[in-house]
*Asks:* 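Got a structure for you, questions after.
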Amino acid sequence: MLTQRPRGTADILPGESGQWQAMEQIIRDTCALYHFEEVRTPVFEHTELFARGVGETTDIVSKEMYTFTDRGGRSVTLRPEGTAGVVRAFVENKLYGQPHTVKLYYIGPMFRYEKPQRGRWRQFHQYGVEVLGPEHPAADAEVIAINLDLLRRFGLRDLTVELNSVGCPVCRPRHREQMLERLRPVADRLCGDCQQRLERNPLRIFDCKNDRCQQVLAEVGAPTILESLCDDCRRHFEQVRAFLDAMDVPYVLNDRLVRGLDYYTRTAWEVTVPGFSSVGGGGRYNGLVAEVGGPETPGVGFAGSIERALMVLREQGGALPQAARLDVWVAVADEAAEVPAMRLLQRLRSEGLRADRDYLGKGLKAQLKSADRMQAAYCAILGADEVARGTVTLKDLRTGVQTEVPAEAVVHHVSKGGIEDGSTT
RNA sequence: GUGAGUAUGGCGAAGUGGUUAACGCACCGGAUUGUGGUUCCGGCAUUCGUGGGUUCGAUUCCCACUACUCACCCCA
């Protein structure tokens with residue numbers, strides 16, 4: 001156990017970490033284009049925040065939280081999602097005091113006590129944005145747009161935005177009643193899961209894979225949520241769609257789409273890839289800020305996971321541009337060159353070149369081999385002869401051309417990307 | 001939470017109830033003098049997840065445990 005990571009966690013090792021950095025950079029750059037600013041909130045919060053914000057009845061709160069009592073006797077929880085903490089920060093710091101729309105983005109670890117499987121971890125990393133303030137459907141469209149835009153910039157293909165509206169406190173309860181009315185009498189014909197869903201979240205029955213349940217739904221003529229929207233929600237949804245069309249953001253309607261968190265109102269969407277589960281999604285949450293104790297403030301946001309994006313990217317055969325390789329490998333040919341080699345090494349770095357050397361006492365041949373393995377562009381060979389002459393033998397590992405140059409000229413040659421004096425020695 | 005599968009060297013992967021556990025990759029060393037990427041030669045698991053049991057004898061059979069993987073639920 002001592003040398004084993006906790007279940008559902010991962011070590012992101014060199015090589016992989018380059019992909020993470022590249023992806024995070026895309027997120028930061030893209031968010032800047034849409035004028036989102038970063039917010040960093042604690043990795044843990046008071047348990048009550050998630051219980052109230054995310055919803056007591058959700059799977060996340062009822063059985064997936066990493067909750068513990070700290071030494072002061074307070075119940076705290078490792079955040080299972082990002083929105084609640086951001087909203088809490090918005091309220092606590094009174095960001096609503098500013099007349100502007102508040103547009104925030106975040107990247108960070110989230111925690112859920114689940115059984116790990118493909119694309120599912122106990123510690124995973126989400127990136128997401130929140131727009132706080134506007135009720136305007138253009139805000140919904142913008143968040144959907146950046147959600148899809150980011151995934152495309154990562155290099156993912158075959159993306160589909162599935163769009164729905166889950167209504168508001170006016171029309172959702174009404175719809176729920178209609179469903180209960182029709183389904184309760186035939187509840188015994190539903191599968192076990194759906195009988196539970198009937199009481200907890202009847203909307204989900206539409207999502208059941210069981211054919212019989214779907215048949216029952218059709219027989220009793222259960223209305224979809226889209227058919228039951230109130231006028232305000234209907235108008236809002238139509239406008240969101242109009243904006244998406246104007247922005248060339250493709251989507252498909254999915255009137256069976258439900259999201260796992262209680263706080264969603266009106267617009268809800270998910271981005272999917274064939275053969276995978278959701279790679280991200282979001283929605284509007286008009287009641288959340290007030291629920292958490294702030295002034296009535298509409299909001300809309302989305303979240304996606306780095307793990308899943310990388311997984312899909314890899315399986316689709318894509319990859320993010322790899323980090324730049326080493327510029328110079330310094331090979332130490334003999335004892336007399338040790339000190340000058342360190343001098344050279346540090347000088348190269350101070351000039352902005354990525355440089356390294358062997359520390360295992362390997363022979364020159366092995367050092368060249370290492371240089372090759374490290375994919376260094378150049379190898380600077382330094383031995384007693386060079387030290388005596390104040391020079392360095394510089395070899396271009398791509399062409400094999402090498403030449404002896406003054407020690408001070410190494411930076412110049414490497415920076416310029418070539419050796420002019422091509423006399424092979 | 002429910003169900004299924006798998007656990008052999010750094011990685012991938014054969015294998016058998018019985019004296020020395022294939023192979024590939026990676027790694028290390030060598031093929032005369034201070035030089036890489038190719039080639040050739042050599043090296044690299046007293047040990048087969050952990051603990052029990054069956055047996056004259058188990059890595060191979062049985063049980064338990066642990067871990068991992070996958071599906072369901074749900075989600076990112």
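Proteins come first, then strands; the chains are lettered A, B, ... in the order of their sequence lines, and each starts at number 1. Source: prediction; values computed, not measured. Values reported hereafter were calculated over all heavy atoms of this structure, with side chains retained and with hydrogens, waters and symmetry mates removed.
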*Asks:* Between protein and nucleotides 9-11 of chain B, what N or O pairs are separated by less than 3.5 Å?
*Replies:*
none

*Asks:* Please confirm whether the shortest side-chain N or O distance from A/Arg204 to OP1 or OP2 of B/rC75 is below 4.0 Å.
*Replies:* yes
*Asks:* Taking the basic N atoms (NZ, or NE/NH1/NH2) and the acidic carboxylate oxygens, is any pair closer than 4.0 Å for A/Arg79 and A/Glu45?
*Replies:* no
*Asks:* Contact class for A/Glu114 vs. all strands (heavy atom < 4.0 Å): base, sugar-phosphate, or nothing?
*Replies:* base
*Asks:* Which one, B/rC70, B/rC72, B/rU35, comes nearest to the side chain of A/Arg120?
*Replies:* B/rC72
*Asks:* Can you identify which nucleotide, out of B/rC70, B/rA76, B/rU35, has its nearest atom closest to the A/Gln117 side chain?
*Replies:* B/rC70
*Asks:* How far does the P atom of B/rC48 sit from the matching atom of B/rG10, given to the nearest Å?
*Replies:* 13 Å
*Asks:* Can you check the distance between B/rU20 and B/rU47, where both ends of the measurement are the P atom (answer in whole Å)?
*Replies:* 13 Å
*Asks:* Using the test side-chain hydrogen bond (donor to acceptor under 3.5 Å, both in side chains), find all partners of A/Gln19 that sit at least two apart in sequence or belong to another chain.
*Replies:* none
*Asks:* Would you indicate, yes or no, if B/rC28 has its OP1 or OP2 atom less than 4.0 angstrom from a side-chain nitrogen or oxygen of A/Lys362?
*Replies:* yes
*Asks:* Counting the atoms with a prime plus P, OP1 and OP2 as sugar-phosphate, which does A/Gly119 contact under 4.0 Å by heavy atoms, base, sugar-phosphate, or nothing?
*Replies:* base
*Asks:* Using a 4.0 Å heavy-atom cut-off across all strands, classify A/Glu386 as base, sugar-phosphate, or nothing.
*Replies:* base
*Asks:* Name the nucleic acid region contacted by A/Arg373, choosing base, sugar-phosphate or nothing; use a 4.0 angstrom heavy-atom cut-off, strictly under.
*Replies:* sugar-phosphate
*Asks:* Base, sugar-phosphate, or nothing: which does A/Arg122 touch, judged by heavy atoms less than 4.0 Å apart?
*Replies:* nothing
*Asks:* Taking both distances under 3.5 Å as the test for a Watson-Crick or G-U pair, what stems of at least three pairs does RNA chain B have?
*Replies:* B:1-7 with B:66-72, B:10-12 with B:23-25, B:27-31 with B:39-43, B:49-53 with B:61-65
*Asks:* Students often get this wrong, so: under 4.0 angstrom with heavy atoms, is A/Asp385 touching a base, only sugar-phosphate, or nothing?
*Replies:* base
